[in-house]
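Proteins get letters first, then strands, A, B, ... in listed order; numbering begins at 1 in each. Just so you know, these numbers come straight off a predicted model, no measurement behind them.
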Amino acid sequence: MDKWVLIDGNSIIYRAFFAMPPLTNSAGLHTNAVYGFTTMLLKLLEEEKPTHMLVAFDAGKVTFRHEGYEAYKGGREKTPSELSEQFPVLKELLQAFSIPQYELPGYEADDIIGTLSRMADEQGVETVVVSGDKDMLQLASDHVTIALTRKGVSEVERYDPAEINEKYGLTPLQIIDLKGLMGDTSDNIPGIPGVGEKTALKLLHEYGSVEGVLANTAALKGKMKEKVETHQDSAVMSKRLATIFREVPLEKGAAELTYGGYDAHALADMFRKLEFKSLLERLELPEAGGAAAGGPAAAPTYEVATAASLGRSELTQLLASSESVYIETIGDNPHQARLVGLAVASGERVAVLTYDDLMDPALSAPVRGWLEDGQAPKRGYDLHKAELALGWLGISLRGIAFDALLAAYLLDPTESSQTLAALVQRHGLAPIQTDDAVYGKGARLQVPEGAVLANHLAAKADAVRRLLPLLSEALEQGNMTKLNDELELPLAVVLAGMEKQGIQVNPAVLEDLGAELEKGISQYMSDIYTHAGMEFNIGSPKQLGEVLFEKLGLPVIKKTKTGYSTDAEVLEKLEPYSEIVKMILHYRQLTKLQSTYVEGLLKEIRRDTGKVHTYYRQTIAATGRLSSQFPNLQNIPIRLEEGRRIRKAFVPSEPGWSILAADYSQIELRVLAHISGDEKMKEAFIEDADIHTKTAMDVFGVTADNVDANMRRQAKAVNFGIVYGISDFGLSNNLGITRKDAARFIEQYFAVFQGVRAYMDNIVAQARQDGYVTTLLERRRYLPEIKASNFNLRSFAERTAMNTPIQGTAADIIKLAMVKMDAEIRNRGLRSRMLLQVHDELVFEVPPEELELMKTLVPEVMESAIALDVPLRADVSYGDNWYEAK
DNA sequence: TAAGCATTT
DNA sequence: AGCTGAAATGCTTAC
């Protein structure tokens with residue numbers, strides 16, 4: 001059976017260019033678009049196994065569409081040179097792939113593809129059209145599916161006529177009418193001004209086509225009628241422009257599209273020239289061939305020795321000269337993880353010890369001694385987790401000197417996979433097996449024994465060893481060596497200490513609260529059933545939606561992808577319509593407390609310690625914040641009194657001690673004042689004024705006495721919005737005012753805080769130029785989508801550019817404070833313990849004789865963690881439990 | 001496993 | 001015309 005794959009070359013290379021971060025080879029040639037294109041091709045070849053292929057390109061500037069409409073594709077920004085220089089490279093690459101390419105003067109790529117897909121239709125050949133352009137949907141048929149690129153380039157979404165109907169309620173041919181009505185700014189196709197996708201769809205569902213709409217203008221009303229009538233001609237012309245021409249006089253027939261696979265050597269040469277190292281490894285070269293400069297990474301060679309096979313003195317020697325260690329645990333929660341074994345690499349030799357070996361004193365004595373020796377440096381992967389797993393077995397891990405996971409996180413905190421196998425691939429090293437492949441997952445998880453396990457652990461220790469110089473060099477290149485060595489690495493050790501310590505939880509408090517909640521929940525449940533006139537599962541958004549919007553007929557405010565939205569925002573708007581709404585909100589509140597905080601927390605209390613031991617993850621949040629799991633102690637309720645009572649269960653672990661909490665006051669706005677240098681905002685903090693009141697005074701132009709609660713509330717919302725990368729839409733939503741008023745409000749704000757405006761403009765420009773933003777301590781976040789043509793993607797990246805330096809610098813600062821506070825406690829020989837971090841707050845347990853000291857020491861350390869142009873302020877409080885420390 | 005909802009800073 | 005405030009985790013339901 002034949003299978004054709006037709007690729008819209010121009011569309012895909014554009015998509016690839018904007019989707020990929022900037023990339024050049026050492027000759028300075030930009031390669032990102034070609035790279036993206038290549039990954040897409042490889043994936044397509046593998047998935048589709050085409051018998052025929054073609055990449056079509058636009059030829060020249062003028063096409064038949066310009067006849068009669070010269071402005072077609074006018075007003076486009078010139079193709080950036082970084083992209084245009086990649087066109088010839090792409091064509092060369094396609095040759096190396098042996099994929100036919102074609103262009104024809106006077107026609108665009110989509111006309112060529114349209115013509116071929118018509119031929120495919122006539123011959124009944126299964127065909128896939130690959131493009132980033134929605135217009136192509138008009139070509140879909142029983143035989144032809146359209147694969148549109150999504151996010152990035154290598155991911156595509158496939159459409160056949162049924163799926164187009166499902167998504168738009170249109171036939172493929174009606175896609176042309178859709179564009180005729182709504183136009184397309186990128187091609188300068190006007191459509192009917194004021195008619196967007198929503199309106200166009202409505203009209204088409206009603207009248208079927210552009211002609212149908214025009215024949216029925218009489219049935220339209222008001223503004224819409226006016227618009228349609230005045231722009232009739234435009235709609236007709238737009239439809240003509242949007243129609244793909246399917247009768248191009250091609251000089252190529254199907255026979256010339258035959259695809260017989262590529263010559264791996266030719267392709268490898270091309271990849272070497274472009275320096276696509278990871279792709280080079282994916283190529284299966286028939287024989288290794290010239291391992292010339294830049295050739296594929298050779299399989300590493302190392303010797304694997306077991307503890308038993310090595311003599312004690314040999315093992316001791318290997319440890320002394322060790323370059324890397326890999327400590328394997330299985331399980332997500334490191335406090336309960338199973339230690340599988342470890343491997344230590346020195347040069348080409350790797351020693352492996354399984355769990356059983358480690359538990360055998362005769363075999364493991366040298367290794368235990370080495371692990372606990374603070375003078376013996378450990379360079380490994382996720383040593384924070386290893387330290388915890390070992391800790392629960394009574395083995396301490398000291399001398400942590402480098403962590404590949406932490407380094408990888410700093411190099412790109414948004415990377416979705418930071419597994420060792422992924423890192424190895426990312427850095428162009430010979431691949432190692434994934435954990436899933438070796439251990440299986442879920443129900444099929446099974447740790448192998450003997451040589452299979454030993455080889456896997458050895459491969460990982462060797463992989464870490466090979467990664468180390470690459471990661472160190474990359475950190476150096478990114479100015480992050482200091483951040484790594486002096487902040488993140490020491491912090492990992494501090495965190496492990498806090499986690500091992502844990503925080504005491506009084507189960508009786510939770511159980512009492514749980515019993516009380518139970519009563520409330522059953523009461524609300526029966527009231528809700530009565531009101532609804534039926535019993536149903538209130539916890540099911542689907543069933544709840546049916547009851548509220550179908551049975552009770554409440555107005556639908558918002559829809560989700562799958563049905564009616566019933567979130568709190570929606571329910572609050574529905575309150576006036578039925579008493580049931582308030583009950584549901586209460587019910588939700590109580591069940592949340594019950595399941596997540598009462599039952600959830602009780603389950604996490606360890607029998608042996610009576611404590612919960614959270615796990616702070618240092619490599620998750622894109623901004624540099626920590627995250628907390630098992631349980632998450634960074635979202636314990638505080639806003640509402642009912643929930644806040646959960647905090648009464650968090651108590652000191654020793655009688656007579658206190659819980660002491662200190663939190664930074666307005667740290668993010670202080671950071672903003674510093675990095676923007678805004679004089680007005682700096683002044684407010686230097687005077688230690690109430691920032692929201694001060695903002696209200698300046699924005700509304702009134703004196704302090706005349707700032708009422710509402711003005712302050714609005715100012716507060718704007719301050720929050722500023723930190724998050726404000727938009728008038730977001731603010732209007734938040735304050736319940738019109739978008740216009742919100743926009744005016746923001747305008748006034750920026751008129752006062754001109755330095756803030758300048759910062760926001762500059763940081764976005766900088767992100768666009770560099771491709772990334774940084775925090776005060778040089779933490780980095782890449783924002784490739786800042787150049788996206790998709791408005792939503794781009795806007796999101798812009799807000800991220802504004803927010804990340806602020807949120808990330810605040811994260812840097814509290815991390816600094818934690819490392820310093822830990823040192824203070826140790827150096828002063830204090831018994832007080834640091835237990836928790838909640839983004840801008842640190843929580844300690846403190847013996848009575850240290851209370852007075854800690855009340856001043858903690859805020860002092862926090863406030864002096866770093867010197868900014870504005871003072872930092874930390875407020876401290878304490879009590880018999882976390883609730884009282886307010 | 002994903003979606004929807006709720007919780008925090 | 002777009003339809004959007006930043007960063008997280010956990011529970012329940014539905015597929």
Which is true for A:Phe796 with a 4.0 Å heavy-atom rule: it touches a base, it touches only sugar-phosphate, or it touches nothing?
sugar-phosphate
Can you name the side-chain contact (heavy atoms from CB on, under 4.5 Å) partners of A:Phe630, sequence neighbours left out?
A:Asp332, A:Asn333, A:Glu604, A:Tyr615
Geometric class of the A:Phe549/A:Tyr564 ring pair [parallel <30°, tilted 30-60°, perpendicular >60°]
tilted
Would you say A:Arg799 places a side-chain N or O within less than 4.0 Å of OP1 or OP2 belonging to C:dA6?
yes
With P as the reference atom in both, quote the distance from C:dG2 to B:dT7 in angstrom, rounded to an integer.
32 Å
Under 4.0 Å between any heavy atoms, over every strand shown, what does A:Val723 touch: base, sugar-phosphate, or nothing? Just pick one.
nothing
For A:Leu626, which contact category applies under a 4.0 Å heavy-atom criterion: base, sugar-phosphate, or nothing?
nothing
Atom pair distance, as rounded to whole Å: CE in A:Met802 and P in C:dA7
12 Å
If you compare every side-chain N and O of A:Ser627 against the phosphate oxygens of C:dT9 (OP1, OP2), does one of them come in below 4.0 Å?
yes
Under the salt bridge (Lys or Arg N to Asp or Glu O under 4.0 Å) rule, collect the residues that match up with A:Lys815, sequence neighbours excluded.
A:Glu488
Start with the C-alpha distance between A:Tyr749 and A:Phe753, add both sets of side-chain angles, then the distance that settles ring pair (Phe, Tyr, Trp, His ring centres under 6.0 Å), and finish with yes or no.
CA-CA 6 Å; A:Tyr749 179 96; A:Phe753 298 103; 4.6 Å; yes
Starting at CG of A:Asn792 and ending at P of C:dC3, how long is that distance when rounded to a whole Å?
5 Å
Kindly confirm whether the side-chain ring of A:Tyr724 is stacked on the base of C:dA6, judged by centres under 5.5 Å and planes under 30°.
yes
Starting at CD1 of A:Ile806 and ending at P of C:dG5, how long is that distance when rounded to a whole Å?
17 Å
What is the nucleic acid contact for A:Ala717, judged by heavy atoms within less than 4.0 Å: base, sugar-phosphate only, or nothing?
base
Euclidean distance, atom CG of residue A:Leu793 to atom C1' of C:dC3 [Å, nearest integer]
14 Å
Restricting to side chain to side chain donor-acceptor pair (under 3.5 Å), what partner residues turn up for A:Glu163, sequence neighbours left out?
none
With sequence neighbours excluded, tell me which residues meet side chain to side chain donor-acceptor pair (under 3.5 Å) with A:Tyr883.
A:Glu641
Need one value for A:Ile638: base, sugar-phosphate or nothing, where a base atom within 4.0 Å counts as base even if backbone is also close, heavy atoms only.
sugar-phosphate
In whole angstroms, the gap separating P of C:dA6 from CG of A:Leu783 amounts to 13 Å
Assess the residue pair A:Arg744 and A:Asp728 against the criterion (salt bridge (charged side-chain N to carboxylate O under 4.0 Å, His left out)); give the C-alpha distance rounded to whole Å, side-chain angles, the decisive distance to 0.1 Å, and a yes or no.
CA-CA 9 Å; A:Arg744 203 167 319 140; A:Asp728 50 11; over 6 Å; no
When rounded to the nearest Å, what value does the distance between P atoms of B:dA6 and C:dC3 take?
24 Å
Identify, with sequence neighbours excluded, every residue that meets side-chain contact (heavy atoms from CB on, under 4.5 Å) alongside A:Ser676.
A:Leu672, A:Asp678, A:Val756, A:Tyr759
Separation of atom CD in A:Glu668 from atom P in C:dA8, rounded to whole Å:
13 Å
Per atom distances to the A:Ser727 side chain, the nearest of C:dT4, C:dT9, C:dA7 is C:dT4
Taken to the nearest whole Å, CD/A:Glu569 to C1'/C:dT4 is 13 Å
Across all chains, not counting sequence neighbours, the salt bridge (Lys or Arg N to Asp or Glu O under 4.0 Å) partners of A:Arg606 are A:Asp608
Between which nucleotides of DNA chain B, 5' to 3', does chain A make heavy-atom contacts below 4.0 Å?
B:dA3 to B:dT9
Starting at the 5' end of nucleotides 10-15 of chain C, put B wherever the base has a protein heavy atom under 4.0 Å, S where only the sugar-phosphate does, and a dash everywhere else.
BSSSSS
So what does A:Arg781 touch, heavy atoms closer than 4.0 Å: a base, only the sugar-phosphate, or nothing?
sugar-phosphate
Residue pair A:Gly725/A:Ile192 against DNA chain C: nearer the 5' end by closest nucleotide is A:Ile192
Quick one: A:Phe791 CZ to C:dG5 P, roughly how many Å, whole number?
12 Å
Look at all strands and tell whether A:Ala810 reaches a base, only sugar-phosphate, or nothing, counting heavy atoms closer than 4.0 Å.
nothing
With a non-hydrogen cut-off below 4.0 angstrom, is A:Ala811 in contact with a base, only sugar-phosphate, or nothing?
nothing
Does a sphere of radius 6.0 Å around NZ in A:Lys582 hold more than 12 heavy atoms from other residues, nucleotides or ligands, not counting ones at 6.0 Å or beyond?
no
Have a look at A:Thr591 and say if it touches a base, only the backbone sugar-phosphate, or nothing, with a 4.0 Å heavy-atom cut-off.
nothing
Residues in salt bridge (Lys or Arg N to Asp or Glu O under 4.0 Å) with A:Glu747, at least two apart?
A:Arg757
Is A:Ser565 touching bases, backbone alone, or none of the nucleic acid, heavy atoms closer than 4.0 Å?
sugar-phosphate
How far does the P atom of C:dG5 sit from the matching atom of B:dG4, given to the nearest Å?
15 Å
